[in-house]
There are 2 protein chains.
Amino acid sequence: MTADSWLNQLQQGGYRLTEARRAVVDVVSACDHALTPVEVYDAARQVYPALGLVSVYRTLEKLDELGLVQRVHQEGGCNAYLPHADGHQHLIICEQCGRALYFSGDDLSGLFQKVGEQHHFSITGHWLQLSGLCAECQPE
Amino acid sequence: MTADSWLNQLQQGGYRLTEARRAVVDVVSACDHALTPVEVYDAARQVYPALGLVSVYRTLEKLDELGLVQRVHQEGGCNAYLPHADGHQHLIICEQCGRALYFSGDDLSGLFQKVGEQHHFSITGHWLQLSGLCAECQPE
DNA sequence: CGCTTATTGAAAATCATTTTCAATTATAAG
DNA sequence: CTTATAATTGAAAATGATTTTCAATAAGCG
């Protein structure tokens, strides 16, 4: 029931529940790879044809604000969104099929702090994404 | 003589050396923080006022292709360029002043491989950026 | 020096994103 | 169940970044 949980959190955040938002949430919350606004638009219109692209942008913005999605940066562009996993902040993305997967990086945070100290930086954030081929996309 | 080295590599790559390219290379190769195309344009016109923004885009594209610059992703946008350090692939960027710094991540590459194996991914690349405050920008 | 062709800057075209706006609709109050 | 109010909507226009087109220029070869 991720979608329902997201809708609850939207409401909790003071936002109204509308058809447009439901459609966007349905698509994004159930997806295992990053989607651009246009991809969300196309998928969500299958359910709710009256949807406007503008509402997709606006809804993604709110989901991002609530920490429900995370922005993914890729070669081609930097405007794709993925459900945000709690606690696990690091990503692996398959170059071929686009499937995304979070992995736990508890051991890394300490390392980042250490690297920061070496260079006299106080580290406040990090961005880590691995790319490669998932099991299914690997040649024999 | 980084600038000269870059110009050599451009020529080696089959490209001609022009005033426009010289101006762009001068600016980017000597900069310690990420610059957007427009920022490069503004800085380079101080030296070569006839420069067109289009040539900045085109030159940055070629420098990227030759591995001389690297694209940096940041909150606001993902279109800033930084000289590419050889061997050191990981970045720390100061949130305040924008100063960028590479650090060696030999120990990390092994770790990335291991994480990949755990999830049956063959890792072919990674993207790591730390952000924080550099020594000068830290409050006492 | 002269030829060939890559490169140029300006302008137009394209593409993604944001803003504007009047109409609609979710929600709270009656 | 109404009604009132303010958030939300989609369409269209506006913006901003990037790319393409194109005739003029200039780099680099012979």
Side-chain angles (χ1 to χ4, degrees), chain A residues 3-4 6-28 34-66 69 71-81, chain B residues 3-4 6-28 34-66 69 71-81:
Chain A
D4 284 351
W6 286 26
L7 292 172
N8 272 334
Q9 291 187 61
L10 269 174
Q11 202 161 36
Q12 225 80 153
Y15 298 114
R16 294 183 178 175
L17 297 188
T18 66
E19 279 305 294
R21 286 177 183 163
R22 270 184 245 273
V24 170
V25 164
D26 276 355
V27 167
V28 180
L35 296 173
T36 63
V38 173
E39 286 168 339
V40 173
Y41 179 55
D42 288 339
R45 259 189 314 173
Q46 311 246 10
V47 181
Y48 179 57
L51 180 67
L53 178 56
V54 197
S55 291
V56 174
Y57 275 97
R58 289 190 278 224
T59 303
L60 287 173
E61 187 185 333
K62 283 164 184 59
L63 293 175
D64 197 6
E65 179 189 314
L66 292 168
V69 297
R71 205 172 190 139
V72 167
H73 300 239
Q74 283 169 304
E75 283 312 305
C78 301
N79 43 342
Y81 291 85
Chain B
D4 285 349
W6 287 26
L7 292 171
N8 273 333
Q9 292 187 60
L10 269 173
Q11 202 159 37
Q12 225 80 149
Y15 299 114
R16 291 182 181 174
L17 297 188
T18 65
E19 278 306 294
R21 287 178 182 161
R22 270 184 245 273
V24 169
V25 164
D26 276 355
V27 167
V28 180
L35 295 174
T36 62
V38 173
E39 286 168 339
V40 173
Y41 177 56
D42 289 338
R45 259 188 315 173
Q46 311 247 9
V47 181
Y48 179 58
L51 180 67
L53 178 56
V54 198
S55 292
V56 174
Y57 275 97
R58 289 189 278 224
T59 303
L60 286 173
E61 186 184 335
K62 284 165 183 57
L63 293 176
D64 197 7
E65 178 189 314
L66 292 170
V69 297
R71 205 171 189 140
V72 167
H73 299 240
Q74 283 169 305
E75 283 313 306
C78 301
N79 43 341
Y81 292 86

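Keep in mind that the numbers below use all heavy atoms, side chains included, and drop hydrogens, waters and symmetry copies. So you know, we letter chains A, B, ... as the sequences are listed, proteins then strands, and number each from 1.
- Backbone-only contact: A:Y48 has heavy atoms under 4.0 Å from sugar-phosphate atoms and none from a base.
- The closest donor-acceptor contact from the side chain of B:R21 to the backbone of B:L7 lies at 3.5 Å or more, if one exists at all.
- Summarising the geometry, the separation between OH on A:Y41 and P on D:dT9 is reported as 14 Å, rounded to the nearest angstrom.
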Query raised in the report: For nucleotides 17-30 of chain C, read 5' to 3', which letter fits each nucleotide if B means a protein heavy atom sits under 4.0 Å from the base, S means only the sugar-phosphate is that close, and - means neither?
Result: SBBB-----BS---
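- The list of salt bridge (Lys or Arg N to Asp or Glu O under 4.0 Å) pairs with a residue in residues 53-64 of chain A, not counting sequence neighbours, is empty.
- Whole-Å rounding puts the A:L51 CG to D:dA11 P distance at 9 Å.
- Counting all heavy atoms, side chain and backbone alike, B:A20 lies closest to B:L51 at CB-CD1, 3.7 Å.
- B:K62 has its NZ atom 12 Å from the C1' atom of D:dT19, to the nearest Å.
- Scanning both residues, B:Y41 and B:G52, for their nearest heavy atoms gives CE1-C, 3.6 Å.
- Nearest heavy-atom pair across B:A44 and B:V24 is CB-N, 4.3 Å.
- Atoms CG (A:L10) and C1' (D:dT9) sit 15 Å apart, rounded to a whole Å.
- Nearest heavy-atom pair across B:R71 and B:C78 is NE-O, 3.0 Å.
- Nucleotide C:dT7 holds its P atom 13 Å from the CG atom of B:L63, rounded to whole Å.
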